[in-house]
Structures are given as C-alpha cells and as structure tokens.
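Below: the structure, in structure tokens.
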Amino acid sequence: MNHTTDLKPIYTEPENCQDCYKCVRECPVKAIQVEDNKAYIIEERCVYCGHCTQVCPTGAKKIRDGISRTKLLLGKQEKVILSLAPSWVSEFDDMEAPRLIAAIRQLGFAAVSETAIGAELVSSRVTEYLQSSAPGVYISSACPVVVEYVRKYSSQYAGSITPVLSPMLSHAKILKQHYGEEVKVVFAGPCICKKLEADRYRNLVEVAITFKDLKNWFERENIHPERLEPSAEDHFVPWSAGVGALYPFEGGMLPGIEGKKIAKMAFSDLYNIKEVLKNLDSKREKDSIFLELLACKGGCINGPAKLSQRSLALKRYSIENSLRRPAEGERDDLSGVDISARYVASPCHTPKYSEAEIVQALAAVGKTCPEDELNCSGCGYDSCRDFALAMLDGRAEENMCVSYMRKVAHDKATVLLQKIPAGVILVDKDLKVSDMNHFCANILGEETALIYEASPGLAGIQLEDVCPFADLFRTVLTTGKEISEKQIRDGEKVWLLSIYNIQPNRLVFGILQDLHEPFVRQEWMLEQTQEVIRKYMETVQQVACLLGENAAYTDATLRAVMNSVSSKAQIKTNQANHQKANHHE
C-alpha cells in the first residue's frame with residue numbers, strides 16, 4: 001500500500017503511531033489499514049470526517065496544512081478573498097467582525113466574504129428543485145462528509161442528493177461572478193473535508209484551511225485581532241449574509257427551504273445518519289421529505305478543526321443572536337450563477353468471503369468456537385467476525401487481537417519457564433503460587449513433585465503448603481526489599497534462593513537451586529540459563545505490555561536474575577579451578 005501523503009487531507013505520521021487501534025475503534029467507516037503495527041488512512045474508504053484526528057492520543061493522525069500554499073498564493077495574486085465559514089461567530093469568542101476582518105487582511109487577503117452568502121443561494125436553488133421534482137426523499141448536499149458517505153456506503157441514495165454545489169463552492173461562484181474569474185478564493189472553516197472539496201474544485205477554491213490554521217497563522221505573524229482598530233474597509237464583501245448564517249448548526253438550513261409539500265428534517269452525527277439511511281425508502285406518493293444531514297454532532301459548530309470548546313447550546317445561541325438582515329437592493333442578481341452539480345455513486349468495493357474463509361481467519365487468532373469470540377473490541381472492531389473480515393481484506397493484522405496475543409505470550413512464557421534449568425517460582429501478593437516450573441517442584445521434594453504432576457504450574461496453591469521458606473517471599477512482598485542470594489537449610493537439603501520484584505508488593509520472582517547439585521551441571525546451567533532467560537525476558541515484556549505493566553522494570557528484574565546466576569556460577573568455576581590446581585600440586 002502506498003502511504004504517501006500527497007493530496008490527502010488527513011494522513012498518518014508512522015513514527016508517532018503507537019498501535020493503540022483507537023482510530024480503528026472510533027472510525028465510523030473503518031477506513032484504517034494497520035500495516036507493521038502502524039495505522040494508515042485508506043483513501044478509497046475515508047469520508048474525511050476528521051474524527052480520527054480528534055481521538056488519536058499521540059497526534060499521529062495529522063491534518064494537511066494549507067497555510068504554506070495560501071502564502072504562495074498571496075505572494076502571486078493581486079486579489080485573493082477569504083471565504084469565512086459562518087461558524088466563525090461561535091469560534092472566535094466575542095470577536096467583532098471588523099476586528100477579525102482587519103486581522104485577516106493583515107495576512108495579505110484583499111477582502112473577506114461570508115460563505116453564508118453561498119448557503120443562501122443553495123437554499124434558494126434547493127427550494128426550486130424540490131418544487132419541480134417528483135415526490136420523494138431528498139438529501140442536502142451541504143455537508144461534504146455526508147456526500148462522501150452516501151456515495152461510498154449508501155450509494156443507492158446518491159441520486160437523492162440535491163444536485164447543487166455546497167455552500168463553499170457556490171460562494172466561490174458568486175465571488176467570481178462579482179469580481180471576475182481572475183479572483184482567487186481561499187476557504188476557512190472547522191471542516192477537514194472542505195480540503196477534499198477544494199482539491200476536486202481547484203478552479204473554484206484554491207485552498208481550504210481550518211480555523212486552527214488561521215489562529216496559528218495569526219500567532220506566527222504576531223497579529224492580535226482583539227487589539228486592532230478596524231478601518232472603514234474592514235467589512236464583509238460584497239454584502240453581508242442573512243439567514244444563511246444559520247447553516248452551521250443542526251436544522252440551520254431548514255428555515256431557508258420553502259414549500260408547502262415538503263417535510264423538513266435535520267439529523268447530525270454520522271452514526272445517527274447511518275441509521276437514518278438504513279432501509280430508507282426514497283419513494284413518496286404525495287409529498288417530499290428533505291433531509292438536512294450533518295456529519296458532526298450538533299453541526300459544523302462541532303467540526304473537527306473547531307477552536308472553541310464551549311457548550312454547543314452557547315455556540316448556537318451566539319450564531320442566532322448575531323443574525324442580520326441584509327439591506328434591500330445591496331445584493332447582485334444571482335439568477336445567472338450556475339451551481340448545478342451531479343453526485344455519482346462510488347461504492348466501496350467490499351469483497352465477499354465464504355464462511356470457510358471467515359472460520360479459517362478466526363482460527364488464525366485462536367477463535368475456534370463461539371465462546372472464543374469475546375467481542376472485547378481491543379482490536380478496534382465491533383466483533384471478532386468483523387475483525388476476521390478485515391484480516392481477509394488486508395486491513396488488519398493477527399497481532400491486533402489482544403486476547404490472542406496475550407495467550408500467545410503466556411504460552412511462550414510458560415514454555416520458556418519450563419526450559420530454565422533452575423527452580424523458578426512466581427508468587428502473588430496473597431502468597432499464592434502464580435506459576436512454577438518442574439525443576440522447582442523437584443527441588444522442593446517428592447511430595448511437591450507429585451502434586452505438580454497432577455496440577456502443572458501449581459497456580460493458586462498456597463505457597464506455605466509446598467514451600468518451607470514461604471516467610472522469605474512474604475517479607476519481600478511486604479517490604480519490597482529483594483533477596484539477591486540466601487542459603488537455606490532444611491535438614492540435609494541446602495538451597496540457594498534469590499527473590500526479585502516483578503511488581504513490587506504484588507508479584508515476585510524466585511529462583512531456587514540445590515547446592516548439592518554437581519558442579520558439572522552448574523556450568524551447563526549457566527550457559528543454558530543465560531540464553532533462555534534472554535528469551536524469557538522478551539516474552540515477559542510482551543505480557544507486561546499487554547497487561548499495561550512496566551516492561552522496563554520487568555526487564556531490569558530478569559537481568560538481575562541472570563546476573564545473579566552468572567555471578568554464582570562464576571564463583572563455582574573459580575572454586576573448581578582452585579581445587580584442580582591444588583590437586584595437581
């Protein structure tokens with residue numbers, strides 16, 4: 001898959017992606033492909049709602065910057081006008097229009113115009129279209145995210161989208177009629193998908209920037225709008241908008257749609273819209289239903305590139321309270337402005353897989369029966385079957401299944417634990433055995449070895465029932481102070497015990513050796529233990545990561561264990577060499 005960021009409004013910075021799968025979980029259309037543990041945008045599936053940029057905890061999902069291109073444009077063109085989305089009223093808190101316009105003009109723009117002018121033309125043309133069309137269900141073209149969603153995921157309703165351009169593109173047409181085709185238009189608003197629109201209609205809108213871009217630009221240029229004294233030229237051109245200024249909130253378009261036989265409804269939030277479009281019958285006999293659908297919950301005032309975190313109620317109030325009625329006769333005749341558009345279905349290709357293929361994909365992650373399908377959503381998908389389909393489609397990897405990877409890591413750890421040529425025992429805060437290898441059971445005695453055969457690992461067994469020195473583990477768990485090496489005698493038995501913290505006061509790791517064991521075995525044990533413990537460290541780190549524990553601490557613990565074994569073996573080697581030297585003498 002090509003992961004270049006050319007022309008993509010949203011992209012991933014791989015080095016920042018921490019494979020948390022939150023973008024997968026939150027994406028309403030699952031337009032994410034995980035490759036080598038990095039989550040990339042699938043351009044063909046994406047509707048550019050921008051939600052992933054809001055939820056990504058590491059900021060790996062980026063919005064393409066538009067300031068650089070805008071600066072180049074300002075440096076080349078004599079007349080560049082900024083089309084300002086009507087939600088500016090709720091985003092630049094308590095900012096008077098003339099001050100904001102003055103600040104924008106200081107950036108190099110010739111003038112500022114309200115996108116809401118285009119919205120009013122859209123309302124007028126939609127009303128005309130509905131009045132002359134057969135009864136049916138019609139969908140607004142105002143929200144580019146909804147248009148993309150309908151085209152790709154509810155393509156049977158693409159013909160129901162009203163055939164007019166969006167307010168942004170319609171506004172650009174108005175400006176070009178009023179000032180001439182040579183004028184250049186840049187859009188600023190809270191919507192990321194407007195960048196996609198601008199890419200497709202470069203002849204109308206050169207660049208789309210966000211409100212965040214605009215604010216950052218002010219800061220870089222040390223421009224403070226609230227401190228500026230506006231001049232007589234600091235006003236909206238070519239005239240001020242009226243009812244079109246209501247477009248940014250849910251239902252704001254409806255007052256501009258007229259007609260006795262039109263039932264008008266408004267819905268926002270892409271998840272709600274998916275339900276609205278599900279099994280929607282677009283046929284009507286006597287009247288029409290017009291649906292104003294906005295992808296963002298509450299409308300554009302809650303867009304992904306918004307500035308203000310104020311209550312949506314206060315944002316809506318500020319817009320309604322600032323509504324103006326334009327003076328009579330100040331507007332152009334817009335009857336000749338062509339804003340017609342045609343929206344063609346572009347359904348996402350969804351391969352069909354057989355039940356056998358799905359079962360095989362589920363089996364690859366250890367799901368072999370219905371009980372295995374935990375639906376934990378750790379992978380980001382709503383069900384194990386959805387995850388299996390994503391794997392078959394190349395959008396997901398096996399290691400995204402947390403329960404599966406936890407089981408794999410546990411199984412690997414268990415195997416390696418059994419291969420360590422020394423007694424190893426893990427004890428929890430309740431002084432119960434979490435795990436034990438067979439070497440440890442044999443060292444502790446014949447009775448413990450018999451119990452171990454019946455219950456390998458002895459998980460859950462009270463330590464003091466099988467171990468005569470349980471108090472030492474209790475001390476380490478209570479105090480957190482490790483025991484690096486301690487000789488223990490029990491009758492004729494002599495052991496060497498080391499206890500280390502894995503999770504202080506919660507889980508400890510003991511390594512036990514029989515000092516009566518021949519030295520030849522000690523040398524072999526050193527070599528084998530070093531290799532196996534290295535592998536065991538890697539596995540335990542994986543387990544620790546999956547459980548959210550401190551892997552670095554686990555790493556240090558196991559290194560300490562290995563060093564302890566190495567040091568002891570080295571002492572034995574020195575003693576043996578000394579004995580051999582004395583014997584030859």
Mark yes or no for whether Ser170, through its side chain, and Ile339, through its backbone, hold a donor-acceptor pair below 3.5 Å.
no
Check for a donor-acceptor pair, side chain of Tyr153 on one end and backbone N or O of Arg45 on the other, with a separation under 3.5 Å.
yes
Are any of the side-chain heavy atoms of Val185 and Tyr179 separated by less than 4.5 Å?
no
Hey, does the side chain of Asp333 reach the backbone of Ser335 with a donor-acceptor pair shorter than 3.5 angstrom?
yes
Please determine whether the number of non-hydrogen atoms from other residues, nucleotides or ligands lying under 6.0 Å from atom CD of Gln156 exceeds 12.
yes
Do side-chain atoms of Arg99 reach the backbone of Pro230 as a donor and acceptor pair under 3.5 angstrom?
no
With the side chain counted from C-beta on, respond yes when Lys152 and Val29 share a heavy-atom pair under 4.5 Å apart, and no when they do not.
no
Near Gln360 CD, under 6.0 Å, is it more than 12 heavy atoms from other residues, nucleotides or ligands?
no
Check for a donor-acceptor pair, side chain of Lys274 on one end and backbone N or O of Pro28 on the other, with a separation under 3.5 Å.
yes
What pair of heavy atoms forms the shortest contact from Asp332 to Gln177, and how long is it?
CB-NE2, 4.4 Å
Side chains of Ile32 and Lys61: does their closest heavy-atom pair fall under 4.5 Å?
yes
Arg220 atom CZ, neighbour heavy-atom count above 12 within 6.0 Å:
yes
Salt bridge check, Glu206 against Lys76: does any charged N sit closer than 4.0 Å to a carboxylate O?
no
Are side-chain heavy atoms of Tyr129 and Val164 found at a separation under 4.5 Å?
no
What's the spacing between Tyr157 OH and Leu280 CG if we round to 0.5 Å?
4.5 Å
Side chain Tyr353, main chain Leu392, donor-acceptor under 3.5 Å:
yes
Indicate the atoms forming the closest heavy-atom contact of Ser133 with Tyr138, along with that distance.
CB-OH, 3.5 Å
For atom NZ of Lys71, is the number of surrounding heavy atoms from other residues, nucleotides or ligands below 6.0 Å larger than 12?
yes
Asp393 side chain to Ala390 backbone, donor-acceptor under 3.5 Å
no
Report, as yes or no, whether the 6.0 Å neighbourhood of atom NZ on Lys38 holds more than 12 heavy atoms from other residues, nucleotides or ligands.
yes
May I ask you to decide if the ring planes of Tyr381 and Phe387 are parallel, tilted or perpendicular, using 30° and 60° as cut-offs?
tilted
Tyr343 OH to Ser160 OG distance, which is reported to the nearest 0.5 Å:
13.5 Å
Residues, nucleotides or ligands: over 12 heavy atoms within 6.0 Å of Lys261 NZ:
no
With the side chain counted from C-beta on, respond yes when Thr162 and Ile139 share a heavy-atom pair under 4.5 Å apart, and no when they do not.
no
For Glu355, check side chain to side chain contact (heavy atoms under 4.5 Å, CB included) against everything at least two apart and list the hits.
Ile358, Val359, Arg385
Kindly indicate, with the supporting measurements, whether the criterion side chain to side chain contact (heavy atoms under 4.5 Å, CB included) is fulfilled by Ser166 and Lys194.
CA-CA 10 Å; Ser166 70; Lys194 290 297 184 186; 3.8 Å; yes
Return yes when atom OH of Tyr317 has more than 12 non-hydrogen atoms of other residues, nucleotides or ligands closer than 6.0 Å, and no otherwise.
no
Strictly by modelled atom types, are Ser83 and Thr115 linked by a side-chain donor-acceptor pair under 3.5 Å?
yes
Straight-line distance of Asn37 CG to Glu397 CD, nearest 0.5 Å:
5.5 Å
So, does Glu91 use its side chain to make a donor-acceptor pair with the main chain of Ser308 at under 3.5 Å?
yes
Go through the steps for Lys278 and Glu275 under the test side chain to side chain contact (heavy atoms under 4.5 Å, CB included), then give the verdict.
CA-CA 5 Å; Lys278 188 181 294 183; Glu275 292 301 315; 3.2 Å; yes
Answer yes or no: is there a side-chain heavy-atom contact under 4.5 Å between Glu120 and Leu334?
no
Please report the interatomic distance CD1(Ile174) to CG(Leu169), rounded to the nearest 0.5 Å.
11.5 Å
Short question: side chain of Lys22, backbone of Cys56 - any donor-acceptor pair under 3.5 Å?
no
Counterpart residues, side-chain hydrogen bond (donor to acceptor under 3.5 Å, both in side chains), relative to Asn222 (two or more places apart)
His224
Would a 4.5 Å heavy-atom cut-off, applied to side chains only, mark Leu196 and Pro144 as touching?
no
Using 0.5 Å steps for rounding, measure from the NE2 atom of His51 to the OG1 atom of Thr53.
9.0 Å
Smallest separation among heavy atoms of Met253 and Glu292, with atom names
N-OE2, 2.8 Å
Please evaluate residues Tyr247 and Ser123 with respect to the criterion side-chain hydrogen bond (donor to acceptor under 3.5 Å, both in side chains), reporting the C-alpha separation (whole Å), side-chain torsions for both, the decisive distance (0.1 Å), and the verdict.
CA-CA 10 Å; Tyr247 261 59; Ser123 293; 2.6 Å; yes
Heavy-atom nearest pair, Ser87 first then Phe211, reads OG-CE1, 3.4 Å
For Gln33 and Gly394, which heavy atoms make the closest approach, and how far apart are they?
NE2-O, 3.1 Å
Where do Phe109 and Ile101 land on the side chain to side chain contact (heavy atoms under 4.5 Å, CB included) test, with the steps shown first?
CA-CA 9 Å; Phe109 289 92; Ile101 294 169; over 6 Å; no
Could you tell me the separation between the CD atom of Gln106 and the CG atom of Asp234, rounded to the nearest 0.5 Å?
9.0 Å
Counting distance only, does the side-chain N/O of Arg25 pair as donor-acceptor with the main-chain N or O of Ser377 below 3.5 Å?
yes
Looking only at heavy atoms, what is the nearest atom pair of Ala116 and Ala245, with distance?
CB-N, 3.6 Å
Side chains of Tyr11 and Ile41 in contact at under 4.5 Å (non-hydrogen atoms)
no
Set out, in order, the CA-CA distance, both residues' side-chain angles and the distance that settles side chain to side chain contact (heavy atoms under 4.5 Å, CB included) for Ile223 and Leu228, then state yes or no.
CA-CA 9 Å; Ile223 296 174; Leu228 297 179; 4.3 Å; yes
